[in-house]
Amino acid sequence: MIDGLNKSGRKLHPENTIIQLGDTLIGNGNLTIIGGPCSVESEEQIIEIAKEIKKSGANILRGGAFKPRTSPYDFQGKKADGLKLLSLAKKETGLPIVSEIVALHHIDLFDDVDILQVGARNMQNFELLKELGKSKKPVLLKRGFSNTLKEFLYSAEYIMSNGNENVILCERGIRTFETWTRNTLDLSAVPLLKEISHLPVIVDPSHATGISSLVEPMSLAAVSSGADGIMIEVHNCPEKALSDGAQSIKPDAFRKIIEKSMKIKEIL
């Protein structure tokens, strides 16, 4: 369907790719649950949330240490200290961790990070993608704000053509004329990507909507559309979050979403 998909397309790779992290299998019908705060804020915060989401059934802990923000005056993350706090939470709970890498020279700081996330702003940072292609770690690649699915898959090709075939695609909403939500969640992308590509596809309803009350219905819709996982922002006190509190949900709400998602998965 798309010329040039030598690595990510199904023509040369008809079987679904499965990425394994310990006991967690990502792809091929497995439902992976990723949860955690937008930003790592303190040791107490990240460890408390990590324990809560593990109790609820999450497979992977997310947390931002380096935070690219639209305004230079917003909280930019705790950077290297944030990665150290994520490592403490990993040691405490056993959960693998995913965090966003924003620059090539940060790569050595991510030794203990299990999945390297490429955010929407860096989806076409081709030098970064090529460097991550030399890594053996799985890469979670987010779709850009205004990028087509064709461009999205070509970005995956940049990583895979440089040697790393462990890529996870993440639909996180695109920019349209709608302003009531942060972005417009393109759930049609999920089955279409899975038709064209063998790579796992997950959905981030938190960034897509920007509204905490919409996270549950969009999570359930994502599972219904065939997503291999969902990534949700969870905070123990969203009203005091240093970033994206409006789209974060509390641990109890997270647990309910997982319970409902698993029921939908059973039906499918």
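- Between Ile230 and Ser261, the shortest heavy-atom contact is CD1-OG, 3.9 Å.
- A 6.0 Å sphere centred on NZ of Lys260 holds no more than 12 heavy atoms belonging to other residues, nucleotides or ligands.
- Around the CG atom of Asp23, the shell of radius 6.0 Å holds no more than 12 heavy atoms that belong to other residues, nucleotides or ligands.
- Leu95 approaches Ala58 most closely through the heavy-atom pair CD2-O, 3.6 Å.
- Looking at Asn164, its side chain does come within 3.5 Å of a backbone N or O of Leu132 through a donor-acceptor pair.
- By the 4.0 Å N-to-carboxylate-O rule, Lys263 lies too far from Glu266 to be salt-bridged with it.
- Here the side chain of Ser155 pairs a donor or acceptor atom with the backbone of Met123 at under 3.5 angstrom.
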query = For Ser8 and Glu157, what are the C-alpha separation, side-chain angles and deciding distance, and is it a side chain to side chain donor-acceptor pair (under 3.5 Å)?
reply = CA-CA 6 Å; Ser8 63; Glu157 288 283 327; 2.7 Å; yes
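- Distance alone, capped at 3.5 Å, is enough to place a donor-acceptor pair between the Lys265 side chain and the Gly29 backbone.
- Within 6.0 Å of NZ in Lys137 there are more than 12 heavy atoms belonging to other residues, nucleotides or ligands.
- Under the 4.0 Å criterion applied to side-chain N and carboxylate O atoms, Glu259 and Arg255 are assigned as salt-bridge partners.
- Using modelled atom types, one side-chain atom of Ser99 and one backbone atom of Gly63 make a donor-acceptor pair closer than 3.5 Å.
- Residue pairs meeting the ring-ring contact (aromatic ring centres under 6.0 Å, His included) criterion with at least one member in residues 6-31, sequence neighbours excluded, are His13-His198.
- Here the side chain of Gln20 pairs a donor or acceptor atom with the backbone of Gly22 at under 3.5 angstrom.
- Minimum interatomic distance between Ile60 and Ile53 (heavy atoms only, all atoms of both residues): O-CD1, 4.0 Å.
- A donor-acceptor contact shorter than 3.5 Å links the side chain of Arg10 to the backbone of Ser197.
- Smallest separation of non-hydrogen atoms from Leu192 and Leu149: CD2-CD1, 3.7 Å.
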request  = Kindly indicate, with the supporting measurements, whether the criterion salt bridge (Lys or Arg N to Asp or Glu O under 4.0 Å) is fulfilled by Glu233 and Arg62.
outcome  = CA-CA 8 Å; Glu233 293 196 350; Arg62 62 143 291 147; 3.7 Å; yes
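- Tested against His207 for a side-chain contact (heavy atoms from CB on, under 4.5 Å), the candidates Asp244, Ile232, Leu185 yield a single pass: Asp244.
- The minimum heavy-atom distance between Leu61 and Ala89, with the atom names listed, is CD2-CB, 3.7 Å.
- For Pro96 against Leu21, the heavy-atom pair with the smallest separation is CB-CD1, 4.2 Å.
- For Tyr158, the OH atom sits in a loose shell: 12 or fewer heavy atoms of surrounding residues, nucleotides or ligands are nearer than 6.0 Å.
- Looking at Lys54, its side chain does come within 3.5 Å of a backbone N or O of Thr93 through a donor-acceptor pair.
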task = Decide side chain to side chain donor-acceptor pair (under 3.5 Å) for Gln124 and Asn147; before the verdict, give the C-alpha distance in whole Å, the side-chain angles of both, and the deciding distance to 0.1 Å.
result = CA-CA 9 Å; Gln124 290 186 306; Asn147 287 108; 3.2 Å; yes
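- Not a single donor-acceptor pair under 3.5 Å links the side chain of Glu48 to the backbone N or O of Ala50.
- For the side-chain hydrogen bond (donor to acceptor under 3.5 Å, both in side chains) criterion with Glu41, the lone passing option out of Lys78, Lys240, His235 is His235.
- Side chain of Ser135 to main chain of Glu131: no donor-acceptor pair is present (N/O by atom type, distance under 3.5 Å, no hydrogens or angles).
- A distance of 11.0 Å separates CD1 in Ile101 from CD in Gln117, rounded to the nearest 0.5 Å.
- In the hydrophobic clustering of ILVMFWY residues, with side-chain heavy atoms under 4.5 Å counting as a link, Leu242 and Val40 come out apart.
- Put simply, Val98 and Phe110 are part of two different groups of oily side chains (I, L, V, M, F, W, Y) that touch within less than 4.5 Å, one to the next.
- Applying the 6.0 Å contact sphere to CD of Glu178 captures more than 12 heavy atoms from other residues, nucleotides or ligands.
- More than 12 heavy atoms of other shown residues, nucleotides or ligands fall within 6.0 angstrom of atom NZ in Lys142.
- Lys67 contributes no side-chain N or O that, together with a main-chain N or O of Ser243, makes up a donor-acceptor pair within less than 3.5 Å.
- Remark: Glu216 does not engage Lys256 in a salt bridge, criterion side-chain N to carboxylate O under 4.0 Å.
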task = List the steps, then state whether side chain to side chain contact (heavy atoms under 4.5 Å, CB included) holds for Leu86 with Ile46.
result = CA-CA 7 Å; Leu86 277 171; Ile46 192 62; 4.0 Å; yes
Derivation and outcome, side chain to side chain contact (heavy atoms under 4.5 Å, CB included), residues Ile202 and Leu140 = CA-CA 9 Å; Ile202 71 168; Leu140 192 156; 3.6 Å; yes
